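Take a look at the structure set out below.
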Amino acid sequence: MFLSVFDMFKVGIGPSSSHTIGPMVAAARFLDHLRALPFSVAGLRASLHGSLAFTGIGHATDRAVILGLAGMRADDYDATRAEAELARIKADRTIAPDGLGLLRFDPSADLRFDYGPALPGHANGLVLSGTDAQGDVITQVTYYSIGGGFVLTADELAAGRAADTGPAVPYPFRTAAEMLQMASASGQSIAAMKRANELTRMSAADLDRGLARIWQVMNACIDRGLATDGILPGGLFVRRRAKGIYTALMAERGLNMTAPHTINDYMSTYAMAVNEENAAGGQVVTAPTNGAAGVVPATIRYWLDHVPGAASSRVGDFLLTAAAVGGLIKTNASISGAECGCQAEVGSAAAMAAAGLAAVLGGTPEQVENAAEIALEHHLGMTCDPVKGLVQVPCIERNGLGAIKAVSAASLALRGDGQHLVALDVAIETMRQTGADMSEKYKETALGGLAVNVPNC
């Protein structure tokens, strides 16, 4: 399946790509399903299963489903309109998606959290139903939010996931080994090969505009996070720290006694700024997920603001390279914390960021692959254990450390010639196996780890 750079990097809202954006996408697909039916429905119902149930409140999954059924989308989310619509739906117990008329929907009765066993296809499952005037279900579709905002129906998942019906691409690599072979044979960089693949689906102008928008939204998110303080919502009373740290860093600029390791604080603060915005429900870019949204933009911002010779004209190459690596991980393992733990989210993001940075610093394809492998290898086994089901602790700081690891991995790779013992494909497969073996307690259910050892009040 062809995965575009705009599949890996999608503009959306916080706090979660799989628990917020995915359910909104599923709801939109269900509305299209209803519009195509030869009969009408009188009401709607929804049930959340697996991780969507256990951490749904903390991840705003209930809000996402309601707003999605009302016709709102994550990529053009209007917070003021959303709050007004939520209040109206709760008061009137009706929902009015375009083209379907006024439908019965009482959030307190028609949106159910099922805390039993997960559905068979994936840890993130939701079932959307249409009912007749008597309240009987007359149409029903099961959806799975498989990470990064990607959504498949149960039928699509059973059929081997979505098929790619688009034109053939010139560099159809499915593994890192194939990617390196094609780079060697063609003499092209990973970014150039990824660009050539993208150009089979869109014009060069559209590709460049899209990449520029992705970075604009990422960078704006960093800036908002660096300028905003206060307490994050959700009940943990987590204090935003990015603004305070950044203010202190700015005050220290030019001091002769500043320690070299202070650069790590910049990287962490850029990442934390993004993930504080994500935790507050702000606009972010999946990279490849919301929970890991800070790693790639923090690494780009570090490169642009702190590395001599960095040029904003190369950001597109960074994103294309990162997307190529992210696509390999998603195809051969997972980017879903509910499926493989946080190694699949922050680990994947660090591998993507390390690859992108190595590329724009002049690395060969072999060095880029080595950078991605180093970053992913040293996140293997990382669990997903969000306290109170919120994307705050340990997620916010974890993105900062992910960015630091990404930069370190790229630097180490560039000190070598690209030859190394553990291949990226091996690290990806190991991550998949580790995720399969990992207890469900540690896969975004908030039933183990920090989630049960830190007071949730």
Side-chain angles (χ1 to χ4, degrees), residues 16-74 82 85-147 149-159 161-162 336 338 389 445:
S16 172
S17 49
S18 60
H19 287 60
T20 313
I21 297 175
M24 290 185 81
V25 171
R29 291 191 61 181
F30 187 64
L31 294 181
D32 288 338
H33 165 74
L34 294 180
R35 294 183 185 108
L37 293 175
F39 53 85
S40 299
V41 300
L44 301 175
R45 289 181 191 158
S47 61
L48 306 176
H49 302 260
S51 181
L52 292 186
F54 284 107
T55 62
I57 296 294
H59 287 67
T61 307
D62 50 343
R63 289 169 52 92
V65 171
I66 296 168
L67 292 172
L69 290 174
M72 295 193 70
R73 302 197 323 267
E85 184 64 6
L86 280 171
R88 189 204 65 75
I89 292 169
K90 290 177 181 178
D92 297 348
R93 291 178 289 185
T94 60
I95 206 159
D98 289 344
L100 293 170
L102 198 65
L103 306 176
R104 287 195 314 270
F105 183 78
D106 179 357
S108 64
D110 295 322
L111 178 57
R112 184 171 63 92
F113 290 79
D114 187 323
Y115 298 107
L119 298 178
H122 192 275
N124 293 329
L126 64 158
V127 179
L128 300 178
S129 307
T131 62
D132 61 16
Q134 287 73 45
D136 296 325
V137 173
I138 54 176
T139 185
Q140 181 172 284
V141 182
T142 297
Y143 296 94
Y144 292 107
S145 181
I146 62 172
F150 290 87
V151 171
L152 295 174
T153 66
D155 288 343
E156 289 169 343
L157 193 68
R161 304 195 172 183
S336 168
T445 58

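Just so we're clear, the structure is a prediction, and the values are computed from it rather than from any experiment. In this chain, residues are counted from 1 in sequence order.
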Problem - Minimum-distance pair of heavy atoms, taken over all atoms of H19 and T61 - result: O-OG1, 2.8 Å
Practice task
Assess whether side-chain contact (heavy atoms from CB on, under 4.5 Å) is satisfied between V141 and R29, documenting all intermediate values.
Solution key: CA-CA 10 Å; V141 182; R29 291 191 61 181; over 6 Å; no
Handout entry: Between CG on residue L37 and CG on residue D32, distance to nearest 0.5 Å
Key = 11.0 Å
Exercise for the section: Look up atom CG in L103 and atom CG in L69, then write down how far apart they are to the nearest 0.5 Å. Expected result: 9.0 Å
Handout entry: R35 side chain reached by D98 side chain, heavy atoms, under 4.5 Å
Key = yes
Practice task
Looking only at non-hydrogen atoms, find the nearest pair between L157 and G121 and report the distance.
Solution key: CD2-O, 3.3 Å
Practice task
Ignoring hydrogens and angles, tell me if any N or O in the side chain of R45 forms a donor-acceptor pair with the backbone of Q140 under 3.5 Å.
Solution key: no
Problem - Interatomic distance, R73 atom CZ to M24 atom CE [nearest 0.5 angstrom] - result: 9.0 Å
Problem - Close side-chain approach of L102 and D92, heavy atoms under 4.5 Å - result: no
Exercise for the section: Give a yes or no on this: more than 12 heavy atoms of other residues, nucleotides or ligands lie within 6.0 Å of atom CZ of R93. Expected result: no
Problem - Heavy-atom donor-acceptor pair, H59 side chain to G389 backbone, under 3.5 Å - result: yes
Completion exercise
Given the options T139, V41, I138, D132 meets side chain to side chain contact (heavy atoms under 4.5 Å, CB included) only with I138
Exercise for the section: Answer yes or no: is there a donor N or O on one side and an acceptor on the other, between the side chain of H122 and the main chain of N124, under 3.5 Å? Expected result: yes
Exercise for the section: Identify the heavy atoms of S18 and S145 that sit nearest to each other, and give their distance. Expected result: O-OG, 2.6 Å
Problem - Closest heavy-atom pair and its distance - L119, L126 - result: CD1-N, 4.3 Å
Fill in the blank from the handout: Between the CG atom in D62 and the CG atom in L48, the distance rounded to the nearest 0.5 Å is 7.5 Å
Handout entry: Minimum heavy-atom distance D114-A53, with the two atoms named
Key = O-CB, 3.3 Å
Exercise for the section: For the pair R88 (side chain) and T94 (backbone), establish whether a donor and an acceptor sit closer than 3.5 Å, ignoring hydrogens and angles. Expected result: yes
Completion exercise
When rounded to the nearest 0.5 Å, the distance separating CD1 of I146 from OG of S17 is 11.0 Å
Problem - G147 versus S336, closest heavy-atom pair with distance - result: CA-CB, 4.0 Å
Practice task
Starting at NZ of K90, measure out to OG of S108 and round the result to the nearest 0.5 Å.
Solution key: 10.0 Å
Problem - Contact check, side chains of L44 and D110, non-hydrogen atoms, under 4.5 Å - result: no
Problem - F150 vs V25, side-chain contact (heavy atoms from CB on, under 4.5 Å): CA-CA, chis, key distance, verdict - result: CA-CA 8 Å; F150 290 87; V25 171; over 6 Å; no
Problem - Whether T153 side chain and E156 backbone form a donor-acceptor pair below 3.5 Å - result: yes
Practice task
Indicate yes or no: at least one non-hydrogen side-chain atom of L67 is less than 4.5 angstrom from one of L86.
Solution key: yes
Handout entry: Side-chain touch P107/I89, heavy atoms, less than 4.5 angstrom
Key = yes
